[in-house]
Amino acid sequence: MTEERSSNFLEEIIEEDLSNNRNDGRVLTRFPPEPNGYLHIGHAKSICLNFGIAQKYNGKTNLRFDDTNPTTEETEYVNSIRADIHWLGFEWDKELYSSDYFDTLYGLAVALIKKGLAYVDDSSAEEIALAKGTPTEPGIPTPFRARSVEDNLLLFENMKAGKYPDGAKVLRAKIDLESPNMHLRDPLMYRIKHAHHHRTGDKWCIYPMYDFAHGQSDSIENITHSICTLEFVPHRPLYEWFIEKLDIFPSRQYEFARLNMNFTVMSKRKLLQLVNEKYVTGWDDPRMPTISGLRRRGYTPASIRNFCERIGVAKRENLIDLSLLEFCIREDLNKTALRRMAVMDPVKLVITNYPEGKAEIMQGENNPEAEDGGGSRDIPFGPELWIEREDFMEEAPKKFFRLGPGLMVRLKNAYIVKCDDFMKDDNGRITEIRCSYIPESKSGSDTSGIHVKGTIHWVSARHAKTAEIRLYDRLFRVENPSSEEGDFKEYINPDSLTVIKNAFIEPDLGNAQPGLGYQFIRKGYFSVDNDSTPEALVFNRTVTLKDAWAKEVKKS
RNA sequence: UGCCCGAUAGUAUAAUGGUAGUACGACGGUUUUUGGUGCCGUUUGUCUUGGUUCGAAUCCAGGUCGGGCAACCA
């Protein structure tokens, strides 16, 4: 297999490890979400990285739920995370939970106490924070730092036994209160929380902190490369300190820059606010950057994987253009989406010279990108059609290749028509366009010799079905809502959703399949929404087509 | 005024001491029964100042700018 793409820095590290036969050539990564929310496109980057690297080097990837904080975690999230990873196309080796290791972790903590490297501190959260000092001033010990090993052992056991209320005591590592790295100033290992855990129930009332759970879990699983985001860089010395003092398998931590995308937000906290405060309909609202939102919007797993491949991996802060994500989904859907016709803002077109009582069935190819056009479907034609209101102009500029008085266009898959007349209501709104058709110009057997610049889509009025169509735009009006003044929610785009209640769609679209992509010709890519029923069809616009004409109009 | 990470076209990302390339975007052309797609082309870049070297985006030193770190969150 030829690998044209150059390696990223993580792959280089692994290749170096492999060439040194570190870990006997074994590569084991893990994807470690906390089940406290839904996965988003930023997690997709991490998933593609962790699973992708393992695949590339014949390794494996564990799915590990980092569930050490019982108050935020729920089974609903566990299930959605599992589904999203599968949907993206990845298969994990083992499904594990940090909570599986609570007993082991407790034992490791006891071992540290016995070595005189951990102590129980009775200070309040405020007192501890105060005694830690600041980045420029060293911390000072609390009175409890000098406790004996025996006392610590007993106290920690009592903590586990539930003899103290929440917050009464914590277990801390005894490292260095004067370290320039704040994370080394006797970090907390355990806190008391009398809370129900989604897996361990009420068995525990003390729970390990991230720093005393994550690296240890990596080590227990013999993870070789523990890949996380940049904000954990300052934790790495602590990660390594625990491994060294505990003398356990030396997993190593590597960090990359998390994904940021413009016109959206990517923190779980903010996404949760959007959901809870009903700015969106749920975690899977098609405007959300969540995996479930993108899925409902009509994004394909391949397009997201491809996106993650294209954005690359590095250690510098980044803000990726939404246009790249859009490119990736268009690229994918262009190859596969069935072409269909739908009219969203209809105006009536009447063919005055079409023989009375005549009816025709036109043929439309399913996909011009596919071999032999991907087959074809029937499209009923008639003397009365719906066309897009924007495809007619009373006073058309010279580069407007559509309909206007005296102008000719091709009706896609049908005839060339010429506009002879039109009607307006009292408000000047066009109510009807009257055309004559060229009988010899039928698609596939055109002998008219007439060439027109424009082709427009249409739906036969007599045969049209109706559907609700939901048009989505970017969720925020500014590129980086998180960096703006004030609350990020002030920057929500008020026009992020437009609902068209009664669009006209060609009859074949009545059979539209959920999960398939459709291209509504000249309009964009669409998919069937979860809310859709055979009686009341609902489509989501995944993304528009590139629109050179819209740009042209915008310029002038 | 501590410690850590980073800085290459508009946005990302390569070049690992030897011709600064690729993708997206933008712009222009061409093809087209989708103003889509495809194809062709154009545009714009090594944060700064020194040093090492025949040669520096790359190595070294100082500076500047951006980000992170003082949760009983992860």
Side-chain angles (χ1 to χ4, degrees), chain A residues 4-8 12 32-34 36 66-69 71-73 121 124-125 128-130 132-139 166-172 179-185 188-193 206-207 209-211 213-214 228-237 255 257 262 268-269 310-328 330-331 334-335 339 341 364-365 368-369 399-402 409-414 416 441 443-444 446 451-457 519-524 544-553:
Chain A
E4 284 182 31
R5 190 178 59 91
S6 55
S7 298
N8 61 50
E12 285 179 9
E34 182 188 12
N36 67 344
D66 218 339
D67 56 351
T68 56
N69 186 356
T71 53
T72 57
E73 295 150 7
D121 196 324
S124 70
I128 289 176
L130 211 62
K132 272 193 184 179
T134 69
T136 53
E137 297 165 280
D166 288 7
K169 288 178 167 48
V170 292
L171 183 70
R172 293 226 260 168
S179 171
N181 183 343
M182 296 299 290
H183 295 278
L184 260 19
R185 319 248 267 226
L188 271 61
M189 293 166 59
Y190 270 91
R191 77 286 215 187
I192 300 171
K193 273 194 190 217
I206 58 171
Y207 292 92
M209 301 287 292
Y210 167 86
D211 285 308
H214 201 99
C228 62
T229 46
L230 244 28
E231 66 265 31
F232 293 102
V233 170
H235 294 247
R236 193 185 337 124
E255 311 87 8
N262 55 187
K268 274 192 202 169
R269 205 191 96 249
R310 282 169 183 269
I311 56 177
V313 183
K315 298 187 78 158
R316 67 185 86 108
E317 296 293 328
N318 58 77
L319 186 65
I320 307 281
D321 270 348
L322 186 59
S323 61
L324 181 60
L325 217 212
E326 293 184 339
F327 168 81
C328 290
R330 287 192 189 108
E331 181 188 45
N334 178 49
K335 289 181 295 197
R339 270 53 171 181
M341 293 194 283
E365 63 180 0
E369 303 298 312
K399 285 171 97 177
F400 185 79
F401 307 133
R402 307 180 190 180
V409 285
R410 156 84 55 189
L411 296 170
K412 178 76 182 172
N413 299 127
I416 291 172
S441 67
S443 278
D446 186 350
H451 292 282
V452 292
K453 275 255 186 182
T455 301
I456 64 173
H457 59 282
Q519 186 195 96
F520 292 179
I521 290 173
R522 302 208 301 142
K523 290 273 104 181
T544 61
L545 256 27
K546 276 172 68 175
D547 190 343
W549 173 247
K551 270 184 196 168
E552 186 71 30
V553 171

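The sequence lines fix the lettering, A, B, ..., with proteins before strands; numbering per chain opens at 1.
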Colleague: Given the P atoms of B/rA9 and B/rU44, what is the spacing between them in whole Å?
Modeller: 14 Å
Colleague: Nearest to the side chain of A/N318 - B/rC5, B/rA12, B/rG2?
Modeller: B/rA12
Colleague: Looking at B/rA74, I'd like to know if its phosphate oxygens (OP1 or OP2) sit under 4.0 Å from a side-chain N or O belonging to A/T68.
Modeller: yes
Colleague: Rounding to a whole Å, what distance do you find between A/H183:NE2 and B/rC4:P?
Modeller: 13 Å
Colleague: Using heavy-atom distances to pick each residue's nearest nucleotide on RNA chain B, tell me which of A/T136 and A/V170 is more 5'.
Modeller: A/T136
Colleague: Between B/rC73 atom P and A/K268 atom NZ, what is the distance in whole Å?
Modeller: 15 Å
Colleague: Send over the distance from A/M182 CE to B/rC72 C1', rounded to a whole Å.
Modeller: 15 Å
Colleague: According to a 3.5 Å limit on both distances, what stems of 3 or more consecutive Watson-Crick or G-U pairs are formed with RNA chain B?
Modeller: B:2-7 with B:64-69, B:10-13 with B:21-24, B:26-30 with B:38-42, B:47-51 with B:59-63
Colleague: Are any of A/R191's side-chain N or O atoms less than 4.0 Å away from OP1 or OP2 of B/rC73?
Modeller: yes
Colleague: Quick one: closest heavy-atom pair of A/S441 and A/I416, and the distance?
Modeller: OG-N, 2.8 Å
Colleague: Checking A/R191 side chain against A/G167 main chain: does a donor-acceptor pair fall under 3.5 Å?
Modeller: no
Colleague: Taking only the side-chain heavy atoms of A/K315 (C-beta and beyond), determine which of B/rG6, B/rC73, B/rC24 contains the nearest atom.
Modeller: B/rG6
Colleague: Considering only B/rC72, B/rA12, B/rA70, which nucleotide approaches the side chain of A/L188 most closely?
Modeller: B/rC72
Colleague: If you check every side-chain atom of A/L324, which of B/rC24, B/rA12, B/rC3 has the closest atom?
Modeller: B/rC24
Colleague: Could you give the CZ-to-P distance, from A/R316 to B/rA9, as a whole number of Å?
Modeller: 9 Å
Colleague: Checking side chain to side chain donor-acceptor pair (under 3.5 Å) between A/H457 and each of A/K412, A/R339, A/R522, which is the one that passes?
Modeller: A/R522
Colleague: Could you tell me how far B/rG25 sits from B/rG38 if I compare only their P atoms? Round to whole Å.
Modeller: 9 Å
Colleague: For nucleotides 30-41 of chain B, read 5' to 3', which letter fits each nucleotide if B means a protein heavy atom sits under 4.0 Å from the base, S means only the sugar-phosphate is that close, and - means neither?
Modeller: ---BBBBS----
Colleague: I'd like to check the salt bridge (charged side-chain N to carboxylate O under 4.0 Å, His left out) partners of A/E552; sequence neighbours left out, ordered by chain and number.
Modeller: A/K399
